[in-house]
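Note sheet for the following structure.
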Amino acid sequence: MAAALSGATVRQLAYWRKAAENGQPVLVPEISAERPILYSFRDVVALRTCAYLRNRLSLQKVRFALGTLKDLGETGHLSQYRLVADGRSAVLVRSEVEAIDLVHRPGQQVTVVMADVLRPFAVGQVTVPDLRHPEPAIAVNPEILGGHPVVDGTRVPFELVADLVEDGVPPESISEYYPSVSASAASDAVEFARYVRQYSARRGNAA
């Protein structure tokens with residue numbers, strides 16, 4: 001994952017934060033909506049959902065789908081919903097056998113070909129990386145620590161490893177603290193930690 005956000009990503013963050021015709025923005029930063037604007041990791045997932053849908057559907061359809069989602073009583077954080085583009089519509093996937101149309105037949109159950117917003121996809125000239133592996137040795141799995149990024153194959157949060165390295169512990173020595181964490185995985189943890197910090201620190205520039 002890049003060490004800093006691209007200009008396209010910054011513009012998307014600012015766009016989805018703007019109020020729609022109903023006066024409500026799509027994405028309200030969880031940590032701070034005032035300068036400096038700070039987004040949570042869940043906000044990043046929500047942004048990916050918006051970008052994924054917008055890359056396949058018109059803006060009007062995306063906003064209509066999000067409005068239908070709320071009409072159905074689904075008012076939680078956008079990151080908790082699995083929304084996919086299915087042909088010319090957007091669909092809320094509730095399980096492997098249940099999906100709800102949000103555009104053409106709002107509220108009606110449909111059968112869809114499963115897609116995955118977590119996989120890499122292109123937005124213009126920018127390729128959004130796989131959220132499940134933002135770095136080669138960093139993994140995001142909803143079944144492990146509630147989806148908090150960890151060193152792949154372990155339950156060790158990435159920031160615990162990154163903090164040790166940044167405090168002076170060589171990556172080659174991290175295994176003395178966490179036997180299952182290799183030197184290369186420790187380096188990936190540091191890179192991801194740097195990205196997360198820079199992401200949070202620079203969000204104010206998107207306003």
Side-chain angles (χ1 to χ4, degrees), residues 1-2 4-31 33 37 39-134 140-142 147 149 195 199 202-203 205-207:
M1 181 173 286
L5 290 179
S6 68
T9 302
V10 170
R11 288 192 294 273
Q12 285 193 50
L13 284 166
Y15 174 79
W16 293 109
R17 200 174 63 247
K18 292 180 180 178
E21 293 181 358
N22 61 5
Q24 297 297 318
V26 171
L27 178 61
V28 178
E30 278 196 305
I31 299 177
I37 297 171
Y39 294 86
S40 69
F41 190 77
R42 296 203 309 170
D43 291 337
V44 177
V45 178
L47 171 66
R48 288 178 66 97
T49 299
C50 292
Y52 163 83
L53 292 175
R54 181 63 186 91
N55 199 43
R56 290 157 175 78
L57 302 170
S58 69
L59 177 60
Q60 291 79 6
K61 286 185 177 180
V62 174
R63 289 197 175 275
F64 187 88
L66 297 179
T68 300
L69 190 66
K70 292 184 178 180
D71 291 341
L72 293 174
E74 303 290 358
T75 58
H77 195 279
L78 186 59
S79 64
Q80 73 187 59
Y81 301 109
R82 187 176 185 187
L83 304 178
V84 302
D86 180 49
R88 297 176 300 160
S89 189
V91 174
L92 167 64
V93 180
R94 285 179 165 162
S95 71
E96 295 301 316
V97 296
E98 182 183 8
I100 306 298
D101 193 312
L102 300 177
V103 178
H104 286 294
R105 292 181 293 166
Q108 297 298 306
Q109 186 164 327
V110 296
T111 301
V112 299
V113 176
M114 302 300 285
D116 197 341
V117 72
L118 301 183
R119 292 180 297 189
F121 58 88
V123 178
Q125 301 298 316
V126 179
T127 297
V128 181
D130 192 325
L131 184 64
R132 294 165 296 189
H133 285 282
V140 176
N141 186 336
Y195 170 80
Y199 176 83
R202 297 181 60 180
R203 293 300 48 77
N205 296 330

Exercise. In Å and rounded to the nearest 0.5 Å, what is the OG to CG distance from Ser79 to Leu47?
Worked result: 11.5 Å
Exercise. How long is the gap from CG on Leu53 to CG on Leu59, to the nearest 0.5 Å?
Worked result: 11.0 Å
Exercise. Roughly how far, to the nearest 0.5 Å, is the CG atom of Leu83 from the CZ atom of Arg48?
Worked result: 14.0 Å
Exercise. At their closest point, which heavy atom of Ala90 faces which heavy atom of Val103, and how far apart are they?
Worked result: N-CG2, 3.7 Å
Exercise. For the residue pair Phe64 and Pro106, what are the closest heavy atoms and their distance?
Worked result: CE2-CG, 3.8 Å
Exercise. Does the side chain of Val28 come within less than 4.5 Å of Asp43's, by heavy atoms?
Worked result: no
Exercise. In Å and rounded to the nearest 0.5 Å, what is the OG to NE2 distance from Ser40 to His77?
Worked result: 4.5 Å
For this session: Would you mind reporting whether Cys50 and Val62 have side-chain heavy atoms less than 4.5 Å apart?
Result: no
Exercise. Under 3.5 Å, side chain of Arg63 to main-chain N/O of Leu66, donor-acceptor pair present?
Worked result: no
Problem set entry | Residue pair Lys61 / Arg56, side-chain heavy-atom distance below 4.5 Å | no
Exercise. Which residue, Leu72, Val91, Val93, forms the side-chain contact (heavy atoms from CB on, under 4.5 Å) with Ile100?
Worked result: Leu72
Seminar exercise, completed: Interatomic distance, CG@Leu92 vs CG@Asp86, rounded to 0.5 Å, equals 12.5 Å
Problem set entry | Minimum heavy-atom distance Gly147-Val140, with the two atoms named | O-CG1, 3.2 Å
Exercise. Just wondering, do Phe41 and Pro149 contact through their side chains at under 4.5 Å, heavy atoms?
Worked result: yes
Exercise. Under 4.5 Å between any side-chain heavy atoms of Thr49 and Tyr81, yes or no?
Worked result: no
Seminar exercise, completed: d(Asp101 CG, Gln108 CD) to nearest 0.5 Å is 8.0 Å
